[in-house]
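Single-structure report; data block below.
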Protein chains: 2
Amino acid sequence: MARTAGSHSQTTGPRVHDAALKLFARHGFAAVSMRQIAAEVGVQAGALYNYTPDKQTLLLDLMRGHMDALLAERAQRGKHGGPLERLEEFTRFHIRFHLERPDAVFVSYMELRNLSPENFETIEALRRRYEDELEGILRDGVAAGLFAVADSKIATLAVIAMLTGVTTWYRPAGRLSVNEVETIYWDMVRKAVAA
Amino acid sequence: MARTAGSHSQTTGPRVHDAALKLFARHGFAAVSMRQIAAEVGVQAGALYNYTPDKQTLLLDLMRGHMDALLAERAQRGKHGGPLERLEEFTRFHIRFHLERPDAVFVSYMELRNLSPENFETIEALRRRYEDELEGILRDGVAAGLFAVADSKIATLAVIAMLTGVTTWYRPAGRLSVNEVETIYWDMVRKAVAA
DNA sequence: CTTTTATCTGAACAGGTGTTCAGTTAACCT
DNA sequence: AGGTTAACTGAACACCTGTTCAGATAAAAG
């Protein structure tokens, strides 16, 4: 056998990414073999190398895709309004965005150590750009006398850690809607940085 | 060759745990081989099986050791005082304890998925006991009219996520002492749950 | 309908995996 | 000093690892 019926790069490519994301999130990058990914796609292991030069790059592509999507969606929002409005917008956006892609979040936060130093820097730079957006909001709020934080960088990291934490416990079938979760967290964020 | 000069169970046992903890934290459970652990200890792979029945149990023991230490140290503290004092005590304890053992924290939070379902339940039960301590404090504070949180369980998870986040950025050689970090976070926690 | 091209198979490569165990040696006990 | 035991080696087991590639086949192009 060789080329299979209905095979097509435009469908197999995304399927490889989807399968890898799902399996990396469940079992971890190192614990997943190329043969497992291939089986999930319904293909032999060798075929994967039409879509990625190696396993490392597959991981990098998944992470970069996640960070690019994060920054792209963020760029279309929350540019107007005062610090308080922008902080609420950031809070709700962060929660919603992360709850919509739990697998990508899991992989992006857990598999950083499996990136080569060079690839790690690439991803870290994107993450810093995102953090800088929140820090800018906090700084503006402090300057306007609305917020009081001892250290804007630490406050940024603290808020992001708190918000990202929702992904560890939230289940769609649970008792709270995403909107309710957003509201509860926004209440805590607002108070935590309030003057 | 066989038994090596100076070999002793009481020294090798802890060394196996230390080496495994260090390597699991750096590279991840699945990415570390028994031979790498053995090499770190200065021993052949087979010798490790005098100290653990298998790799899985080695991971479980590391995690359980971490959680036991957490609960044991916690049990000797913060039983007296009002909700505000107990919350401050919890906040400072959590940060200090976690910053003192970054490897154990890393492993305990990242490798949960590598535990068998049964072992996972064991660790989760210990984690819930710890979370319940914080939730108790928050509930007491709400009852006393000192705190205002929409949902005590979510507030608990949010606070713990925020506090544990310090381990991702704190470096001993950095510009802040542990005590300064504690104070900055305590300020945010206090305000976040304040009435 | 024929030719070209994209896609995938199946086997192979060199090396690594967790785990077991007979045999060897150092440390301890009397 | 001699016997016993705890600690470790080194080899072996069956199997899995990422990656490569010649060959086969379906889809696309002419």
Side-chain angles (χ1 to χ4, degrees), chain A residues 1-24 26-63 107 111 113-116 118-119, chain B residues 1-24 26-63 107 111 113-116 118-119:
Chain A
M1 279 168 274
R3 182 168 192 173
T4 58
S7 68
H8 195 36
S9 172
Q10 286 178 356
T11 70
T12 307
R15 277 165 53 84
V16 169
H17 277 71
D18 291 351
L21 189 61
K22 172 182 166 184
L23 292 172
F24 287 168
R26 292 230 200 314
H27 311 293
F29 173 77
V32 174
S33 71
M34 295 299 269
R35 283 171 182 80
Q36 286 175 53
I37 299 170
E40 180 85 15
V41 176
V43 106
Q44 293 298 314
L48 300 181
Y49 291 84
N50 289 323
Y51 304 98
T52 186
D54 49 46
K55 199 187 175 189
Q56 253 286 322
T57 307
L58 182 52
L59 176 61
L60 173 65
D61 286 345
L62 293 175
M63 287 191 174
V107 171
E111 306 296 352
R113 60 187 165 191
N114 285 300
L115 293 174
S116 66
E118 182 190 341
N119 291 344
Chain B
M1 279 169 273
R3 184 167 190 172
T4 57
S7 68
H8 195 37
S9 171
Q10 286 178 356
T11 70
T12 307
R15 278 165 51 85
V16 169
H17 277 72
D18 291 352
L21 189 62
K22 171 183 164 183
L23 292 172
F24 288 169
R26 292 228 201 315
H27 310 293
F29 174 76
V32 174
S33 72
M34 294 301 271
R35 283 170 182 82
Q36 285 176 51
I37 298 171
E40 180 84 16
V41 176
V43 104
Q44 292 299 315
L48 299 181
Y49 291 84
N50 289 323
Y51 305 98
T52 185
D54 49 46
K55 198 186 176 191
Q56 254 284 322
T57 307
L58 181 52
L59 176 61
L60 173 65
D61 287 344
L62 293 175
M63 287 191 174
V107 170
E111 307 295 352
R113 60 185 166 193
N114 288 113
L115 293 175
S116 66
E118 183 189 342
N119 291 343

Gap separating the [atom1] atom of [X] from the [atom2] atom of [Y], nearest 0.5 angstrom:
X	Y	atom1	atom2	result
R15(A)	L48(A)	CZ	CG	11.5 Å
L21(A)	M63(A)	CG	CE	10.0 Å
E40(B)	Q36(B)	CD	CD	9.5 Å
I37(B)	D18(B)	CD1	CG	12.0 Å

Could you give the [atom1]-to-[atom2] distance, from [X] to [N], as a whole number of Å?
X	N	atom1	atom2	answer
Q44(A)	dG18(D)	CD	P	14 Å
M34(A)	dT19(D)	CE	P	6 Å
K55(B)	dT19(C)	NZ	P	8 Å
Q56(B)	dT19(C)	CD	P	9 Å
L48(B)	dT9(D)	CG	C1'	12 Å
N50(A)	dT9(C)	CG	C1'	11 Å
D54(B)	dT17(C)	CG	C1'	14 Å
Y49(B)	dT20(C)	OH	C1'	9 Å

Side-chain heavy-atom pair M34(B), Y49(B) within 4.5 angstrom cut-off: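 Touching, per the 4.5 Å side-chain cut-off.
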Check: residues 52-60 of chain A side-chain donor-acceptor pairs under 3.5 Å, at least two apart:
from, atom 1, to, atom 2, distance (Å)
T52(A), OG1, D54(A), O, 2.9
T52(A), OG1, L58(A), N, 3.4
D54(A), OD1, Q56(A), N, 3.4
D54(A), OD1, T57(A), N, 2.9
D54(A), OD1, T57(A), OG1, 2.7
K55(A), NZ, F29(A), O, 3.0
K55(A), NZ, V32(A), O, 2.7
Q56(A), OE1, N119(A), ND2, 3.4
Q56(A), NE2, N114(A), O, 2.2

Should [X] be listed as having a side-chain N or O under 4.0 Å from OP1 or OP2 of [N]?
X	N	answer
Y51(A)	dT7(C)	no
S33(A)	dT17(D)	yes
T12(B)	dA7(D)	no

Could you run down the sub-3.5 Å N/O contacts of the protein with nucleotides 11-15 of chain C?
from, atom 1, to, atom 2, distance (Å)
dA12(C), N6, R35(A), NH2, 3.4

Touch class at under 4.0 angstrom, heavy-atom based, for V41(B) against every strand present: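 No contact.
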